[in-house]
There are 2 protein chains.
Amino acid sequence: MDNKDLFNKCIALLTSVHRVTHELTQNAKSDSITPVQYKILEYITVSQPVTPSEISDCQNMSMPNTSRELKKLSEKKLIEKLSDTEDRRKQYIRLSKDGEILMKEAFTTIESRFQDRIQNASKEDLQEIDRALDILQTKLFY
Amino acid sequence: MDNKDLFNKCIALLTSVHRVTHELTQNAKSDSITPVQYKILEYITVSQPVTPSEISDCQNMSMPNTSRELKKLSEKKLIEKLSDTEDRRKQYIRLSKDGEILMKEAFTTIESRFQDRIQNASKEDLQEIDRALDILQTKLFY
DNA sequence: TGATTTAGTTATCAAATGATAATTAAAAGA
DNA sequence: TCTTTTAATTATCATTTGATAACTAAATCA
């Protein structure tokens with residue numbers, strides 16, 4: 001096993017991960033938001049509070065486009081904007097009550113599909129999977 | 001460790017995988033093709049020859065849109081269409097010479113970034129990664 | 001043979017996304 | 001204070017993507 005083989009194996013996993021992600025998430029999100037808006041909400045969910053600049057950086061989106069999408073999410077009452085009291089140029093974005101509900105529903109769907117996927121795994125399998133996740137998280141996808 | 005924790009850990013990995021995929025692939029593809037077209041070429045690269053129907057299924061794209069993008073790729077001389085001699089409705093798609101070159105270049109960039117990423121890993125780390133990739137591929141992302 | 005199904009195409013439309021220029025307002029630096 | 005930098009917004013435009021209807025041609029079915 002040289003590094004070239006490892007690369008190919010890794011690419012194969014990336015492909016599978018993308019396919020499974022699609023299976024887990026398709027139709028899980030509300031129809032009232034676009035894919036990009038869902039991605040933003042997902043990011044806010046795990047990192048809130050966040051600034052528009054951070055969203056722009058992490059989602060590889062220009063500031064103008066980030067601003068536009070945040071405005072739409074705000075109009076849909078899914079997020080709230082709070083301005084920083086120290087630096088009044090900055091804003092902090094967090095999910096609104098409705099946003100929390102929407103994301104909770106999406107995650108419930110996704111988790112139930114995930115549980116289906118691992119329902120046939122034995123206790124030993126689950127332990128192996130758990131360990132494998134740790135290894136890849138720390139050593140490859142850091 | 002219950003299944004709920006495993007779910008969260010898995011979601012964390014999905015997020016990391018998507019981030020790293022972006023890091024590995026950004027600007028790796030030629031500017032002459034769109035992201036969707038690159039995805040199609042990637043699929044053709046690893047699965048050729050493929051039919052338009054297979055591309056449509058695997059890339060979650062409607063047949064009309066698949067047909068349109070394949071036409072564009074064909075006009076850019078990146079793929080070739082061969083019709084099946086048995087069933088003349090079917091087509092087989094493969095990369096053209098130019099398509100091979102374009103994808104080879106993209107993969108070279110991606111692989112070199114991948115090698116950078118694992119350059120500090122020890123031999124034992126690499127073995128662990130290899131084993132972890134196998135486990136996740138067969139037991140979780142099948 | 002005639003009807004139905006399958007594989008793929010063409011045309012068209014709407015919506016989502018990406019890119020850029022110009023602007024505001026506040027903060028930081030000289 | 002004056003200038004520059006930073007954070008975010010607005011407006012605008014082109015391109016990409018997704019969705020749908022209508023179609024052709026070949027294969028299969030009854």
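Only heavy atoms go into these numbers, but all of them, side chains included; no hydrogens, no water, no symmetry mates. Below, chain A is the first sequence line, B the second, and so on; all start at residue 1.
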Counterpart residues, side chain to side chain donor-acceptor pair (under 3.5 Å), relative to [X] (two or more places apart):
| X | answer |
| --- | --- |
| B/K72 | none |
| B/E69 | B/Q37 |
| A/R94 | none |
| A/R88 | none |

Tell me what B/T51 touches on the nucleic acid: a base, only sugar-phosphate, or nothing, going by heavy atoms under 4.0 Å.
-> sugar-phosphate

Using a cut-off of 4.0 Å on non-hydrogen atoms, how would the nucleic acid contact of B/Q91 be classed: base, sugar-phosphate, or nothing?
-> sugar-phosphate

Just jot down the ring-ring contact (aromatic ring centres under 6.0 Å, His included) partners of A/Y43, sequence neighbours excluded, or say none.
-> none

With sequence neighbours left out, the residues meeting ring-ring contact (aromatic ring centres under 6.0 Å, His included) with B/Y38 are none

Rounded to the Å, how far apart are [X] [atom1] and [N] [atom2]?
| X | N | atom1 | atom2 | answer |
| --- | --- | --- | --- | --- |
| A/M63 | D/dA11 | CE | P | 16 Å |
| B/E75 | C/dT9 | CD | C1' | 13 Å |
| A/I93 | D/dA7 | CD1 | P | 14 Å |
| A/K72 | C/dG18 | NZ | P | 11 Å |
| B/L70 | D/dT17 | CG | C1' | 15 Å |
| A/M61 | D/dT9 | CE | C1' | 15 Å |

Would you be so kind as to tabulate the donor-acceptor pairs closer than 3.5 Å made by side chains of residues 54-61 of chain B, with sequence neighbours excluded?
{"unit_1": "B/E54", "atom_1": "OE1", "unit_2": "B/T51", "atom_2": "N", "d": "3.0"}
{"unit_1": "B/S56", "atom_1": "OG", "unit_2": "B/M61", "atom_2": "O", "d": "2.5"}
{"unit_1": "B/N60", "atom_1": "OD1", "unit_2": "A/H22", "atom_2": "ND1", "d": "3.4"}

Those residues of residues 27-47 of chain B lying under 4.0 Å from DNA chain C by at least one heavy atom | none

Interface with DNA chain D, restricted to residues 77-84 of chain B and to heavy atoms under 4.0 Å = none

Please examine the side chains of B/R113 and B/Q26, heavy atoms only from C-beta on, and report whether any two atoms are closer than 4.5 Å.
-> yes

Per-nt protein contacts along nucleotides 19-28 of chain D (heavy atom under 4.0 Å; B base, S backbone sugar-phosphate only, - none) come out as BBB----BS-

All pairs passing salt bridge (Lys or Arg N to Asp or Glu O under 4.0 Å) where residues 26-53 of chain A contributes a residue, at least two apart = A/K39-A/E42

Short side-chain N/O contact from B/K90 to OP1 or OP2 of C/dT6, under 4.0 Å = no

Enumerate the residue pairs fulfilling ring pair (Phe, Tyr, Trp, His ring centres under 6.0 Å) with a member in residues 72-110 of chain A, sequence neighbours excluded, ordered by first and then second residue.
-> none

Hey, can you tell me if B/H18 and A/H18 have their rings parallel, tilted or perpendicular (30° and 60° cut-offs)?
-> perpendicular

